[in-house]
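Quick notes on the structure that follows.
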Amino acid sequence: MSLDGPVREKAPVIQADALDLTFQTNDGPVHALKGVSLDISKGDFVSFIGPSGCGKTTFLRCMADLEQPTGGTITVNGTTPEEARKARAYGYVFQAAGLYPWRTIGRNISLPLEIMGYSKADIAERVARTLELVELSGFEKKFPWQLSGGMQQRASIARALAFDADILLMDEPFGALDEIVRDHLNEQLLQLWARTEKTIAFVTHSIPEAVYLSTKIVVMSPRPGRITDVIESSLPRERPLDIRETPEFLDIAHRVRDGLRAGHAYD
Amino acid sequence: MRSLLPVLTVLAVIVGIWYLAVAPMNVRVALDQAERAGEVVVPEGSVPRREVSVWRLMADNSEHVRLGYALERPRLPTPAQVGQELWKTTGEMVAKGRPWSKRGLIYHGWITLQSTLWGFALGTLLGIVGAVAIVYSRTAQLSLMPWAIISQTIPIVALAPMIIVLSSQVGIEGRGVPKAIISAYLCFFPVLVGMVKGLRAPDTSQLDLLRTYNASGLQSFLRLRLPASVPYLFTSLKVGIAAALVGTIVGELPTGAISGLGARILIGDQFGTPLAIWSALFAAAVLAGALVTLLDVIQRVTLKRMGMAT
Ligand SMILES: Nc1ncnc2c1ncn2[C@@H]1O[C@H](COP(=O)(O)OP(=O)(O)OP(=O)(O)O)[C@@H](O)[C@H]1O
Ligand SMILES: [Mg+2]
């Protein structure tokens with residue numbers, strides 16, 4: 001950070017400008033992202049919603065330096081995604097839990113900590129803390145196959161929370177869970193976000209989930225993958241579950257639905 | 001325990017077929033013996049009998065057929081004879097207090113086992129190192145893999161004498177080293193193939209996860225590729241140790257070897273004592289079975305502890 005110039009209140013954490021990504025496949029080029037521009041500020045909770053194949057995962061992977069854009073620019077914390085990745089600036093929750101089957105739940109959560117060279121005592125403390133956070137205390141010694149799909153997904157979230165990354169990239173983390181568990185985890189995630197002031201990019205297919213969680217909802221549409229609408233939420237940061245019955249909430253949900261429809265009508 | 005019944009059934013069928021086969025296989029020798037003892041045999045003389053099929057001989061001399069089950073030097077010994085010979089060359093030797101006698105199979109089995117284990121260790125090491133090179137380097141994959149495959153198309157029986165001659169040329173005494181080399185030659189391939197598959201088993205998302213942690217190459221090897229390959233490793237080790245045993249026995253076959261199960265087979269052949277061949281063969285089978293079972297137990301325990309028991 002430069003010494004001159006005032007420190008801005010809300011520094012941009014992720015800045016994408018005219019981002020393009022074309023996959024060369026055997027069936028010809030696939031335009032997964034086309035002209036995608038978006039700013040995510042510190043402390044934002046941004047949801048990405050759109051039909052299957054519109055490039056949500058691809059966009060997230062660009063932020064994580066797991067995919068290289070073919071055009072445009074993207075910065076994370078003001079640096080390239082690669083530098084951000086090397087600085088371990090983000091935690092990534094994949095669409096599938098992807099726990100290592102030969103590691104217990106506790107040791108799965110300690111995996112990033114071992115790699116990043118945390119001390120033994122610190123690891124033990126953090127594993128216990130994050131397990132409690134996702135309500136899996138007591139399952140530390142169990143192997144992944146001994147847990148339900150939802151519990152595995154929670155463990156994979158715990159794994160991304162175990163180290164202190166300011167950015168959390170989550171790709172449909174609750175996609176496979178039932179409604180009740182999902183509500184519960186949504187609430188917990190909001191509390192965590194409020195407490196830690198992390199910046200969260202969150203992919204979902206559920207309109208209520210997107211509206212309930214986000215400060216900003218990004219509507220995308222496919223072929224080529226692009227952003228069709230960005231909706232700033234007017235909901236307060238403090239959100240009990242029953243906020244979902246309020247007219248304000250339903251109004252935003254309506255806008256998201258209209259945005260999705262418009263994207264569909266395009267092709 | 002439920003799997004025991006089918007296994008025993010198959011075993012019973014094999015033993016049954018074996019007993020049935022003894023009669024036609026041994027009928028000529030049996031009739032020669034009966035004739036020498038002054039019995040009436042149709043037709044007379046072993047030369048004319050060569051023109052007659054064994055089925056005819058058995059039909060015409062049915063009272064002598066059972067002699068074939070108790071011959072001194074049978075073409076095909078009965079399972080019981082093989083069992084007796086095995087006992088005579090192992091258990092009885094121990095009972096007499098001479099377990100390490102060179103006439104017993106314990107001594108020869110031990111010689112074979114030693115070479116097998118050395119060859120297994122060497123072959124496994126080569127296989128794992130080769131697999132790591134292939135997985136991590138494209139150059140190694142393009143240069144090593146074709147040679148590894150070609151190496152397995154060369155008949156080992158042709159190669160074994162050359163390895164033995166070459167090693168004595170460079171001044172290596174005895175059969176131990178060349179035998180281990182031949183054994184390793186057969187053993188490394190299944191380990192190589194299995195480990196390449198195992199080290200490549202992690203899917204993209206598991207690798208991506210480590211990338212998000214900015215894990216080093218060594219870290220992802222130790223924490224992801226290596227543990228993911230363990231089930232594959234054990235499967236190929238079981239194939240590898242059986243191959244190592246075959247390699248050792250092949251290394252003991254060329255003339256000159258005097259100890260080891262392979263040498264016993266060769267000597268049995270030269271001196272016309274099929275019983276010695278059969279008992280050496282069974283000793284080798286028992287050895288292979290024991291080694292594979294041992295690895296299987298280690299595999300079960302390891303995978304269970306790793307939470308990957310199936
Ligand atoms: N590695 C790849 N190679 C080729 N094409 C790809 C690759 N990854 C993604 N694509 C294509 O890019 C497009 C966007 O895919 P992406 O996975 O980002 O969609 P998504 O919005 O996450 O969809 P979903 O909601 O189903 O997860 C799709 O058409 C997909 O087929
Ligand atoms: Mg996706």
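Here is the naming used below: chain letters follow the sequence lines, and residue numbers restart at 1 for every chain.
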**Item:** Winner by heavy-atom pair count (cut-off under 4.5 Å) against chain B, out of A:Gly91, A:Ala160, A:Ala96, A:Pro101
**Value:** A:Pro101

**Asked** How about B:Ser183 and B:Thr116: does a side-chain donor come under 3.5 Å of a side-chain acceptor?
**Response** no

**Complete:** Whatever's closer than 4.5 Å to a heavy atom in chain A on B:Gln206 counts as both

**Asked** When you check the side-chain N and O atoms of A:Thr80 and A:Glu83, is any donor under 3.5 Å from an acceptor?
**Response** yes

**Message:** What's the separation between atom NZ in A:Lys56 and atom CE in A:Met220, rounded to the nearest 0.5 Å?
**Reply:** 7.5 Å

**Request:** Using the six-membered ring of A:Phe174, assess whether NZ or CZ of A:Arg154 lies under 6.0 Å from its centre and within 45 degrees of the ring axis.
**Result:** no

**Request:** Give the ring-plane orientation class for A:Phe202 versus A:Phe45, where under 30° counts as parallel, over 60° as perpendicular and anything between as tilted.
**Result:** tilted

**Item:** chain B contacts, top residue of A:Gln146, A:Gln95, A:Lys142, A:Arg61 (heavy-atom pairs, under 4.5 Å)
**Value:** A:Arg61

**Fill in**
Counting heavy-atom pairs under 4.5 angstrom with chain B, the leader among A:Ala165, A:Pro112, A:Gly98 is A:Pro112

**Complete:** chain A shares the most heavy-atom pairs under 4.5 Å, among B:Pro202, B:Ser220, B:Ala228, with B:Ala228

